[in-house]
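The next block holds one structure in the form of structure tokens; read it before the comments.
As the structure is a prediction and not an experimental result, all values here were calculated from the model.
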Amino acid sequence: MAGASAKTAVVYFSATGTTEKMAKAAAAEIGADVLEIQPIHKYTKADLNWRDKKSLTTIECNDPKSRPAIANKIDISGYDTVIVCYPIWWAYAPKIVYTFVESQKWAGKKMIALCTSGGGGLGRSGSDLAKFANGVDYKGGKDFTRAKAGDIKNYVEGLLN
């Protein structure tokens with residue numbers, strides 16, 4: 001990738017397993033470490049019901065200040081590049097991904113956003129997350145819902161080279 005000493009982490013949040021599968025396949029193809037954002041509150045099927053205006057995810061997505069708690073400690077200090085993977089909820093990254101981004105020191109690091117979606121695509125979610133990552137060098141992002149890991153590797157290498 002971008003130099004023999006460059007270290008890359010794939011950090012992902014997945015409520016249903018779709019994003020987890022994509023993130024782990026991408027990490028294996030790229031040769032990156034995998035770190036999972038684990039919520040304190042595991043999202044249930046009812047929580048994920050986007051048609052219910054009272055579901056947890058609808059409430060979180062409609063509250064710009066919502067920052068759900070993360071159960072595990074994630075440390076990106078040893079990485080040069082962090083690939084953040086998440087599903088698209090209501091055209092944005094889930095609020096727990098904002099919790100992660102805001103909890104890290106990004107100065108001197110590169111960020112790439114990869115998402116899975118039901119058809120909405122990445123939209124502005126990656127650049128929006130980057131606004132909350134002080135000092136990050138945001139390289140870009142893309143929806144890889146139905147892509148092969150090799151396609152992700154080629155995309156990432158294209159952004160970093």
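- Hydrophobic clustering (ILVMFWY, side-chain heavy atoms < 4.5 Å, transitive): I83 and W106 are in distinct clusters.
- With contacts defined as side-chain heavy-atom distances shorter than 4.5 Å, the pair D63/K95 does not qualify.
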Stepwise, does the side chain to side chain donor-acceptor pair (under 3.5 Å) test hold for T44 with D47? CA-CA 5 Å; T44 66; D47 292 335; 3.2 Å; yes
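- Each of S125, S117, S14 was scored for a side-chain hydrogen bond (donor to acceptor under 3.5 Å, both in side chains) with Y86, with one residue passing: S125.
- The minimum heavy-atom distance linking M111 with V84 is given by the pair CG-CG2, 4.0 Å.
- Y98 has its ring centre no less than 6.0 Å from the ring centre of Y92.
- The closest side-chain heavy-atom distance from F13 to P39 is below 4.5 Å.
- The distance from atom CZ of R124 to atom NZ of K131, rounded to the nearest 0.5 Å, is 6.5 Å.
- L114 and V82 are not part of a single hydrophobic cluster, where members link through side-chain heavy atoms under 4.5 Å apart.
- Pairing each heavy atom of F144 with each of A147, the nearest pair is CD2-CB, 3.2 Å.
- Under the 4.5 Å side-chain heavy-atom criterion for grouping Ile, Leu, Val, Met, Phe, Trp and Tyr, Y155 is connected to I30 within one hydrophobic cluster.
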Start with the C-alpha gap between Y12 and K24, add the side-chain angles, then the distance that decides, and say whether side-chain contact (heavy atoms from CB on, under 4.5 Å) holds. CA-CA 9 Å; Y12 75 91; K24 286 183 174 179; 3.6 Å; yes
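- The two atoms that bring P94 and P87 nearest to each other are CD-O, 3.0 Å, heavy atoms only.
- L160 places a side-chain heavy atom less than 4.5 Å from the side chain of I112.
- Proximity of W50 to W89: side-chain heavy atoms (C-beta onward) are nowhere separated by under 4.5 Å.
- When every heavy atom of I74 is checked against every heavy atom of Q104, the shortest pair comes out as O-NE2, 2.9 Å.
- V34 and V11 fall into different hydrophobic clusters, where Ile, Leu, Val, Met, Phe, Trp and Tyr side chains are chained together by heavy-atom contacts under 4.5 Å.
- No side-chain heavy atom of Y138 sits less than 4.5 Å from a side-chain heavy atom of L129.
- Listed here is the closest heavy atom pair of A27 and V10: CB-CG2, 3.8 Å.
- Taken to the nearest 0.5 Å, the CG atom of L122 stands 7.5 Å off from the OG atom of S127.
- Residues I96 and I70 have side chains in contact (heavy-atom distance under 4.5 Å, counting atoms from C-beta outward).
- For the atom pair I152 CD1 and E29 CD, the distance stands at 9.0 Å (nearest 0.5 Å).
- Among L159, T81, V156, the single residue meeting the side-chain contact (heavy atoms from CB on, under 4.5 Å) criterion with K139 is L159.
- Using a 4.5 Å heavy-atom threshold, the side chains of Y79 and L35 count as touching.
- Looking at heavy atoms from C-beta onward, T16 lies out of side-chain contact with Y43 at the 4.5 angstrom threshold.
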